[in-house]
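Atoms considered below: every heavy atom in the structure, side chains included; atoms not considered: hydrogens, waters and symmetry mates. Each residue takes its place number in the sequence, starting with 1. All of these numbers come straight from a predicted model, not from anything done at the bench.
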Amino acid sequence: AQLSLEGIEPGRYFIQVAPVDTAPFPYELSLTSAERSGVNLAIEGLNPGFELLPGSDFQTAEVIVSNYGTSHAHEFDGQLVMDVDGTEHSLGVPLTVDVLAPGETITLDVPLTVPDVPLNDQVTVIATVDSGEVVAELNETDNTAEQSVLLANQPDGSEAAQAADGLID
């Protein structure tokens, strides 16, 4: 007889084995998770601010990236897009990170180029790390983060100064 353990979670299991017409004898199995090694990039935080000004290029977003793996991550990108009613617009040129060591966390200050879209809409800013999936990872599902923001209602001549002070109307 064969017993497959594929897909069984770590834990303690009890199995009774008995040939036909004989008393069973028990076995206790303790299954542990196999150690896994490799890279595991994750976005820990995203802060694009409260409002974005369409048509501007003076704002930045903060993206916090960690490597929870056991290996160095080399040459991966970080990029931001803005989802407006299901249509994604790039918020600038992707940044390249040369290397991120195991257990290391970095903060990327990403310059934003906000496309000229209709005002007064709530949009979603989506950050993605390793968007081209060039780094083989233990977990690819934690490579994105999203944040809802508003587009500025009434852009005027003082938006750049207000943004420098952290304000946009």
Side-chain angles (χ1 to χ4, degrees), residues 5-11 31-152 155 159-168:
L5 301 177
E6 185 175 339
I8 296 178
E9 296 292 322
L31 301 179
T32 58
S33 181
E35 184 176 323
R36 298 174 58 189
S37 62
V39 175
N40 186 33
L41 298 172
I43 294 186
E44 296 301 311
L46 168 61
N47 182 8
F50 296 108
E51 288 185 316
L52 296 177
L53 178 62
S56 69
D57 63 358
F58 56 82
Q59 292 178 268
T60 61
E62 181 180 271
V63 180
I64 301 170
V65 180
S66 295
N67 179 1
Y68 288 114
T70 58
S71 301
H72 287 74
H74 296 276
E75 298 292 324
F76 62 91
D77 72 335
Q79 71 174 10
L80 293 170
V81 297
M82 178 175 69
D83 184 313
V84 181
D85 298 325
T87 302
E88 288 188 355
H89 303 271
S90 173
L91 287 174
V93 177
L95 296 179
T96 299
V97 176
D98 293 328
V99 65
L100 188 60
E104 188 177 10
T105 297
I106 59 170
T107 300
L108 304 174
D109 289 316
V110 183
L112 300 178
T113 301
V114 184
D116 201 6
V117 295
L119 299 176
N120 202 23
D121 282 341
Q122 183 160 345
V123 299
T124 303
V125 173
I126 304 166
T128 304
V129 66
D130 190 30
S131 63
E133 295 184 4
V134 295
V135 177
E137 295 184 62
L138 298 172
N139 181 2
E140 296 280 356
T141 63
D142 54 1
N143 289 5
T144 61
E146 298 182 358
Q147 179 67 46
S148 294
V149 298
L150 294 173
L151 296 179
E159 292 297 343
Q162 292 171 344
D165 293 331
L167 305 170
I168 295 178

Atom of Pro54, atom of Val114 and distance for their closest heavy-atom approach: CA-CG1, 3.7 Å

Just by distance, do the side chain of Thr70 and the backbone of Gly38 share a donor-acceptor pair under 3.5 Å? yes

For Thr60 and Pro111, which heavy atoms make the closest approach, and how far apart are they? CG2-CA, 4.0 Å

What are the two closest heavy atoms between Val149 and Gly49, and how far apart are they? CG1-O, 3.2 Å

Pairs of donor and acceptor atoms involving the side chains of residues 76-88, under 3.5 Å and at least two apart or interchain, shall be tabulated with distances.
{"from": "Asp77", "atom 1": "OD1", "to": "Asp130", "atom 2": "N", "distance (Å)": "3.4"}
{"from": "Asp77", "atom 1": "OD1", "to": "Ser131", "atom 2": "N", "distance (Å)": "2.8"}
{"from": "Asp77", "atom 1": "OD1", "to": "Ser131", "atom 2": "OG", "distance (Å)": "3.3"}
{"from": "Asp77", "atom 1": "OD2", "to": "Ser131", "atom 2": "OG", "distance (Å)": "2.6"}
{"from": "Asp83", "atom 1": "OD1", "to": "Gly86", "atom 2": "N", "distance (Å)": "2.8"}

Euclidean distance, Thr113 OG1 relative to His89 NE2, rounded to 0.5 Å: 14.0 Å

Side-chain heavy-atom pair Val129, Leu108 within 4.5 angstrom cut-off: no

Residues two or more places apart in sequence or in another chain: which of them pass side chain to side chain contact (heavy atoms under 4.5 Å, CB included) with His74? His72, Val99

Under 4.5 Å between any side-chain heavy atoms of Glu51 and Leu151, yes or no? no

Is there a side-chain contact between Val39 and Pro102 in this structure, where contact means two heavy atoms from C-beta onward sitting under 4.5 Å apart? no

Rounded to the nearest 0.5 Å, what's the gap from CD1 on Ile43 to CG on Asn143? Could you check? 7.0 Å

Of all the heavy-atom pairs spanning Asp109 and Leu95, show the shortest one and how long it is. O-CD1, 4.2 Å

Please examine the side chains of Val97 and Val65, heavy atoms only from C-beta on, and report whether any two atoms are closer than 4.5 Å. no

Pairwise distance CG(Leu91) to CG(Asp57) - rounded to 0.5 angstrom: 12.0 Å

Going from CG on Leu41 to OG1 on Thr128, what distance comes out if it is rounded to the nearest 0.5 angstrom? 12.0 Å

Please round to the nearest 0.5 Å and tell me the distance separating atom CD1 of Ile106 and atom CD1 of Ile64. 10.5 Å

Could you tell me whether the side chain of Asn40 and the main chain of Asn67 form a donor-acceptor pair under 3.5 Å? no

Any donor-acceptor N/O pair, Glu62 side chain to Gly45 backbone, under 3.5 Å: no

Is it true that a side-chain atom of Gln122 and a backbone atom of Ser148 form a donor plus acceptor pair closer than 3.5 Å? no

In Å and rounded to the nearest 0.5 Å, what is the OG to CG distance from Ser90 to Leu112? 9.5 Å

Side chain to side chain contact (heavy atoms under 4.5 Å, CB included) involving Ser66 - partner list, sequence neighbours excluded: Glu44, Tyr68, Thr105

